[in-house]
Number of protein chains: 2
Amino acid sequence: MNILLIEDELRVADFVRRGLKAEGWVVEHADDGETGLEIMQDRGFDVVILDLMLPGLSGQHVCQKMRARSNPTPVLMLTALDSTDERVAGLRLGADDYLPKPFDFDELIARVQALHRRSTGYACCQSDGKLRHQGLIYDSAAMVLTVDGRIVELSAKERELIALLMASENKALSRERILNSVWGTHEDPMTNVVDVYIGRLRKKLGPYGKRITTVRGAGYRFG
Amino acid sequence: MNILLIEDELRVADFVRRGLKAEGWVVEHADDGETGLEIMQDRGFDVVILDLMLPGLSGQHVCQKMRARSNPTPVLMLTALDSTDERVAGLRLGADDYLPKPFDFDELIARVQALHRRSTGYACCQSDGKLRHQGLIYDSAAMVLTVDGRIVELSAKERELIALLMASENKALSRERILNSVWGTHEDPMTNVVDVYIGRLRKKLGPYGKRITTVRGAGYRFG
DNA sequence: AGGGTTATGAATATCCTCTTGATCGAAGAC
DNA sequence: GTCTTCGATCAAGAGGATATTCATAACCCT
């Protein structure tokens, strides 16, 4: 998942960014509204986290401009606590949710997930957050992959990749799509990282390694 | 926790009530606004879940009347999806949060907890019982950790950390989440306190120290 | 104020991950 | 059958992340 964080306080931004990255998400950061809007013109995001208080262009204006440009990306707005007027204004200008500062990290993550789920129309009954495929289970809360009951050690990128593959069962994924989702790359396809990681996963998945099939000229498919 | 649910559709009400009860909460149900207001005059609640579309007195009016009576109970409003006007109106009339229908149960629970936490200013995960994991027992009332029957002396931060870890068994927790939850930090990621404390705990837990595993690139997991 | 405990930040050493480029192999085109 | 293109695999270096220790600062209790 790709997230754009627009927040001027660097220490806060850094804290949030690290936390989101630890969740396995790719985070881009912009200091101010103008920069944020520019970045959004270059590439798309799954969720935008937008501070209301920004130097120059305020969060409300950023949101307004996004909507004026028909950008449908869900926006989570960070507002001062108990400021009903700000919350109301934010919603009117097209924000999808708000979170009063200071917030609990758990809640931030829950809301980002909720927004993403809602915008993608993800099935809502995925209750336990586990991806299953026969004897292959990836528990995204524990960040643990089990192969026939045995725990397999994975690195961060490997985890993201297997989660993406299993979540897209039976769909072919292009290298670009994978790069974008796991690595956050939006250009520079002159790398073979994806191939290398697919190889590692195949090895680690043991008997299930064959489930990752190569779609020549297109990418990879799991299922 | 005591919750008042005001919802006219019986099927929805039943569904929600069961789920909330499963969380261990006490749920009262009212079919319509008037009944809801009456019940609230008799007794207090920690959170009110209020459907917007009600026969007779609408959700907005209920909320308005509550506030007119200086009732500060946090209100979570259930609105139709994408109805910005309703959301805005709800907030203006004193709702504290809204949740667009259809919603995920997890999200409902998360928001109810968040509202409660905010209004009481307490950390939510303080289940007053004991956290057990094999020979490891943390008694959160006595604030005592026992390892195979032997009491282990812990400092305040160490206690909070082990309590958090044990309460989140088998969930990976990022350093930022831990910092946020135990240290109350909202910024300043330039510290390695978490690592230091994890190290101390591992030592003090003796044979159970290995239960705290490092999830590289993500944080720590207990279990 | 003093003694002890607890909390924090810095420094270091170690280990692991990531990435790249090269080489080898397989599949499809002609 | 040969050529060409695309994918698989390998190994090594660079960079990052984590564990651990220590010194200092803050705190608390008499």
Side-chain angles (χ1 to χ4, degrees), chain A residues 11 14-15 17-24 26-27 143 145 152-162 164-165 172-185 187-206 209-222, chain B residues 143 145 152-165 172-205 209-222:
Chain A
R11 314 202 100 194
D14 229 46
F15 184 66
R17 191 160 44 126
R18 287 184 190 216
L20 296 177
K21 276 193 176 169
E23 292 295 314
V26 180
V27 184
M143 301 206 178
L145 178 76
V152 173
E153 299 292 334
L154 295 179
S155 79
K157 288 276 191 301
E158 288 165 355
R159 282 195 301 266
E160 289 313 306
L161 182 53
I162 189 64
L164 174 64
L165 287 170
L173 299 172
S174 70
R175 286 181 177 68
E176 288 74 20
R177 171 95 173 58
I178 295 173
L179 267 175
N180 181 54
S181 185
V182 177
W183 277 264
T185 316
E187 46 194 63
D188 178 39
M190 303 294 290
T191 172
N192 67 336
V193 257
V194 177
D195 301 53
V196 172
Y197 273 80
I198 290 282
R200 288 189 192 161
L201 269 186
R202 279 182 174 145
K203 204 167 281 175
K204 292 198 178 183
L205 294 188
K210 297 193 192 80
R211 308 325 280 257
I212 303 177
T213 50
T214 304
V215 186
R216 214 181 157 78
Y220 298 96
R221 172 166 35 80
F222 177 87
Chain B
M143 304 215 288
L145 179 76
V152 173
E153 298 294 334
L154 294 179
S155 77
K157 287 274 184 331
E158 288 166 355
R159 276 197 302 270
E160 284 189 56
L161 181 53
I162 189 64
L164 173 64
L165 287 171
L173 298 173
S174 69
R175 287 178 176 69
E176 286 71 21
R177 270 198 207 219
I178 295 173
L179 268 175
N180 185 208
S181 178
V182 176
W183 277 264
T185 310
H186 296 283
E187 48 187 72
D188 188 20
M190 304 296 290
T191 175
N192 68 337
V193 258
V194 176
D195 301 52
V196 172
Y197 272 81
I198 290 282
R200 287 188 196 162
L201 270 186
R202 279 182 174 147
K203 207 166 278 176
K204 291 198 178 182
L205 293 188
K210 296 194 192 81
R211 307 325 282 257
I212 304 178
T213 50
T214 304
V215 186
R216 230 163 205 277
Y220 297 98
R221 171 165 34 82
F222 177 87

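In what follows, every chain begins at residue 1, and chains take the letters A, B, ... in the order their sequences are listed. None of these values were measured; they are calculated from a predicted model.
The pair Asp14(A)-Arg17(A) meets the salt-bridge criterion, with a side-chain N (NZ, NE, NH1 or NH2) lying under 4.0 Å from an Asp/Glu carboxylate O.
Side-chain nitrogen and oxygen atoms of Arg202(B) include at least one within less than 4.0 Å of the OP1 or OP2 phosphate oxygen of dA19(D). Of the side-chain N and O atoms in Lys203(B), one or more sit less than 4.0 angstrom from OP1 or OP2 of dT21(D). Within the 4.0 Å cut-off from OP1 or OP2 of dC6(D), not a single side-chain nitrogen or oxygen of Thr214(A) is found. For dA7(C), the OP1/OP2 oxygens have no side-chain nitrogen or oxygen of Trp183(B) closer than 4.0 Å. In this structure, Tyr220(B) reaches the dA19(D) phosphate: one of its side-chain N or O atoms is under 4.0 Å from OP1 or OP2. Of the side-chain N and O atoms in Thr191(A), none sit less than 4.0 angstrom from OP1 or OP2 of dT19(C).
A straight line from CZ of Arg159(A) to C1' of dA17(D) spans 12 Å, rounded to a whole angstrom. The distance between atom CD1 of Ile198(A) and atom C1' of dG7(D), rounded to the nearest whole Å, is 11 Å. Taking atom CD of residue Glu158(A) and atom P of nucleotide dT17(C), one finds them 7 Å apart after rounding to whole Å. Here the C1' atom of nucleotide dT17(C) and the CG atom of Leu201(A) are 14 Å apart, to the nearest Å. Taking atom CG on Leu179(B) and atom C1' on dT8(C), their separation rounds to 12 Å, with Å as the unit. Atoms CE (Met190(A)) and C1' (dT19(C)) sit 15 Å apart, rounded to a whole Å. Between the C1' atom of dC18(C) and the CG atom of Leu161(A) lies a distance of 14 Å, rounded to the nearest Å. Remark: P of dG16(D) and NZ of Lys157(A) are 12 Å apart, rounded to the nearest angstrom.
Nucleic acid contact class of Arg175(A) (heavy atoms, under 4.0 Å, all strands): sugar-phosphate only.
Using a distance-only test at 3.5 Å, with no hydrogens or angles considered, no donor-acceptor pair links the side chain of Arg175(B) to the main chain of Val194(B). When atom types are taken as modelled, the side chain of Thr214(B) and the backbone of Tyr220(B) share no donor-acceptor pair closer than 3.5 angstrom.
Distance from the side chain of Ser155(A) is smallest to dC18(C) among dG9(C), dT18(D), dC18(C). In the set dG9(C), dG7(D), dC10(D), the nucleotide with an atom closest to the side chain of Arg216(A) is dG7(D).
In the interface, the side chain of Arg200(B) is paired with the base of dT8(C) through a donor and an acceptor atom under 3.5 Å apart. Side-chain atoms of Asn192(B) and base atoms of dT20(D) include a donor and an acceptor less than 3.5 Å apart.
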Worksheet entry | Test side-chain contact (heavy atoms from CB on, under 4.5 Å) applied to Val182(B) and Tyr197(B), step by step | CA-CA 11 Å; Val182(B) 176; Tyr197(B) 272 81; over 6 Å; no

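In terms of position along DNA chain C, the nucleotide closest to Leu154(B) lies nearer the 5' end than the nucleotide closest to the other residue of the pair Ala156(A) and Leu154(B).
Closest non-hydrogen pair, Leu201(A) versus Leu165(A), comes out as CD1-CD1, 4.2 Å.
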